[in-house]
Amino acid sequence: MKKITFILLILIFTNSILGQITKTKIVGSKEEIYETPYDSLRNFLGADAFQYKGQDLYLIEKSENSRKFGYDNFVLDYQYNGYDKKSNTYKCCDSYNSKYDELKGKYFSVKAIHKVPVYFGRFYLELEEKETKDKIYYKYDGLNENEFPFLVVGFYEKLKRKLVGNEFVFKDRFLTNIETGERITINIKEKWKCTDLTIEEKNYTLVAILQNSSGVKTSCGYDIVTGSNFGFKAKEAEKFKIQFGAVNFEAIMKREVIIGMTKEMCKLSWGEPNDINQTISSGRNSEQWVYSDNYLYFVGNKLTTIQ
């Protein structure tokens, strides 16, 4: 009888323990933040937003037609959950956005980056306005470069050092004399020296200022200067001229292709193809390069047909 009673007591005690709901605090895994230093090679970093920490940003002015809408995505509290957008908008309001005239041309320091867990590529940049020391936040979309309104000072300075003082030659194209507004027909053998990298005051885009030996000044997008689809550094052009021969290089500068050109020459002349179709038969490798209105055919590394 005592044995049965003892077993019953054990069962009752065990059930009372099992029936109790317990709580245990478990620390969640820390968010992995990549503190890769900013390399100054890109202005827009996409999903690599943490690299903006410590950088200075310049808020680019807008074209006249866009100024009435002010600047979007500047807020006082990035954790704000209220419905009154105006009360959380910094320097409110132009069309519910921050006032254009009070923010244009301002410099900001990036103090921290806050990730928004719900949306991929969405962050808040914690900013300090350089003059007023105002602490604000900018809603950053790492998937949309067109909405990024800043010029990173480090990017600008590195690009300016890379361009200014160098000479360039351009492929066959038209440019505009920035002092007269007249159109310039480019001589493919003429050298243009980059004298400045600046924001032009019409569309407020970043452009390179170039000048020829006659003192004529023109401008073009910095990506045009640095991209081989539009031209080359003068020293690079001399290297290609020796490597490919004068005839082939002149054709490249005129945006032409010639039977017998290599794939590299064709890319330098026409740029990357939209698509490449490969055919392998009897040990022979041939390719069709598809452009918007032309086809190039290669056997091995040589251009054999233009269609």
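Fair warning: this is a prediction, and the values are worked out from it, not measured in the lab.
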Student: What are the two closest heavy atoms between K115 and F50, and how far apart are they?
Tutor: CB-CZ, 4.4 Å
Student: So, taking the atom named CD in E129 and the one named CG in L57, what distance separates them when rounded to the nearest 0.5 Å?
Tutor: 12.0 Å
Student: Identify, with sequence neighbours excluded, every residue that meets salt bridge (Lys or Arg N to Asp or Glu O under 4.0 Å) alongside E61.
Tutor: none
Student: Show, in sequence, the C-alpha distance, side-chain angles and deciding distance for M265 and F249, and conclude whether the side-chain contact (heavy atoms from CB on, under 4.5 Å) test is met.
Tutor: CA-CA 8 Å; M265 296 178 198; F249 185 68; over 6 Å; no
Student: Between R42 and D48, does any NZ, NE, NH1 or NH2 come within less than 4.0 Å of an OD or OE carboxylate oxygen?
Tutor: yes
Student: When rounded to the nearest 0.5 angstrom, what distance separates CG in L151 from CD1 in I60?
Tutor: 5.0 Å
Student: Passes side chain to side chain donor-acceptor pair (under 3.5 Å), N65 versus S63? Steps please.
Tutor: CA-CA 6 Å; N65 293 334; S63 60; 5.6 Å; no
Student: With rounding to the nearest 0.5 angstrom, report the CG to OG distance, N277 to S286.
Tutor: 10.0 Å
Student: Does E250 pair with K254 as a salt bridge, N-O distance under 4.0 Å?
Tutor: yes
Student: What pairs meet the salt bridge (Lys or Arg N to Asp or Glu O under 4.0 Å) rule with one or both residues in residues 269-278, with sequence neighbours excluded?
Tutor: K267-E272
Student: Could you list the residues that satisfy side chain to side chain contact (heavy atoms under 4.5 Å, CB included) with T176, not counting sequence neighbours?
Tutor: none
Student: According to the salt bridge (Lys or Arg N to Asp or Glu O under 4.0 Å) rule, which pairs have a member within residues 74-96, sequence neighbours left out?
Tutor: D72-K85, K91-E102
Student: Closest heavy-atom contact between F298 and C266?
Tutor: CZ-SG, 3.7 Å
Student: Is the side chain of R255 donor-acceptor paired with the backbone N or O of D172 at a distance under 3.5 Å, no angle test?
Tutor: yes
Student: What's the shortest heavy-atom distance between E287 and Q278, and which atoms?
Tutor: OE2-NE2, 2.8 Å
Student: Y80 and S87: side-chain donor and acceptor closer than 3.5 Å?
Tutor: yes
Student: Rounded to the nearest 0.5 Å, what separates atom NZ in K171 from atom CD in E256?
Tutor: 11.5 Å
Student: Please work out which of the three classes, parallel, tilted or perpendicular, describes the rings of Y124 and Y137, given edges at 30° and 60°.
Tutor: perpendicular
Student: Using every non-hydrogen atom in the two residues, find where F232 and L268 come nearest and quote the distance to one decimal.
Tutor: CE2-CD2, 3.8 Å
Student: The criterion is side chain to side chain contact (heavy atoms under 4.5 Å, CB included); which residues satisfy it with I306, sequence neighbours excluded?
Tutor: V257, I259, L296, L303
Student: Give a yes or no on whether K133 atom NZ has more than 12 heavy-atom contacts from other residues, nucleotides or ligands under 6.0 Å away.
Tutor: yes
Student: Table please: side-chain donor-acceptor pairs of residues 189-199 below 3.5 Å, with sequence neighbours left out.
Tutor:
| from | atom 1 | to | atom 2 | distance (Å) |
| --- | --- | --- | --- | --- |
| E190 | OE2 | N212 | ND2 | 3.1 |
| T195 | OG1 | I209 | O | 3.4 |
| D196 | OD1 | K160 | NZ | 3.3 |

Student: Quick one: list whatever passes side chain to side chain contact (heavy atoms under 4.5 Å, CB included) with N301, sequence neighbours left out.
Tutor: T262, K263
Student: Share the residues that join Y295 in a hydrophobic cluster, the rule being Ile, Leu, Val, Met, Phe, Trp or Tyr side chains under 4.5 Å apart at the heavy-atom level.
Tutor: V290, Y297
Student: For residues A49 and F123, report the shortest heavy-atom separation together with the two atoms involved.
Tutor: CB-CD1, 3.6 Å
Student: For R161, give me all partners under side chain to side chain contact (heavy atoms under 4.5 Å, CB included), at least two apart in sequence or on another chain.
Tutor: E157, K158
Student: Between Y291 and N274, do the side chains contain a donor N or O and an acceptor N or O under 3.5 Å apart?
Tutor: no
Student: State, with a plain yes or no, whether a side-chain heavy atom of N248 is found less than 4.5 Å away from one of M261.
Tutor: yes
Student: Strictly under 6.0 Å, is that where the ring centroids of Y100 and Y71 end up?
Tutor: yes
Student: Do the side chains of W289 and N294 get nearer than 4.5 Å, heavy atoms only?
Tutor: no
Student: Pairing donors with acceptors under 3.5 angstrom, does anything connect the side chains of S95 and N97?
Tutor: no
Student: What residues join V164 in its hydrophobic cluster, counting side-chain heavy atom gaps under 4.5 Å, either direct or through other members?
Tutor: none
Student: Considering the options Y138, Y107, Y58, Y140, which one meets the ring pair (Phe, Tyr, Trp, His ring centres under 6.0 Å) requirement together with F150?
Tutor: Y138
Student: Can you list the steps and then say if L127 with K135 is a side-chain contact (heavy atoms from CB on, under 4.5 Å)?
Tutor: CA-CA 6 Å; L127 307 176; K135 179 181 175 180; over 6 Å; no
Student: If the condition is side-chain hydrogen bond (donor to acceptor under 3.5 Å, both in side chains), which residues does E200 pass it with, not counting sequence neighbours?
Tutor: T205
Student: Apply side-chain contact (heavy atoms from CB on, under 4.5 Å) to the pair K106 and K130, showing each step before the final yes or no.
Tutor: CA-CA 8 Å; K106 297 290 186 181; K130 299 281 276 189; over 6 Å; no
Student: Which pair of non-hydrogen atoms, one from T218 and one from I184, has the smallest distance, and what is that distance?
Tutor: CB-CD1, 4.1 Å
Student: What is the distance from atom CE of M253 to atom CD1 of I188, rounded to the nearest 0.5 Å?
Tutor: 6.0 Å
Student: Show your working on side-chain contact (heavy atoms from CB on, under 4.5 Å) between E126 and Y78 and close with a plain yes or no.
Tutor: CA-CA 9 Å; E126 183 179 318; Y78 77 97; 5.7 Å; no
Student: Any pair with a residue in residues 291-307 that passes salt bridge (Lys or Arg N to Asp or Glu O under 4.0 Å), sequence neighbours left out, goes on the list, sorted by first then second residue, please.
Tutor: none
Student: Would you call E264 and F244 a side-chain contact if the rule is heavy atoms closer than 4.5 Å?
Tutor: yes
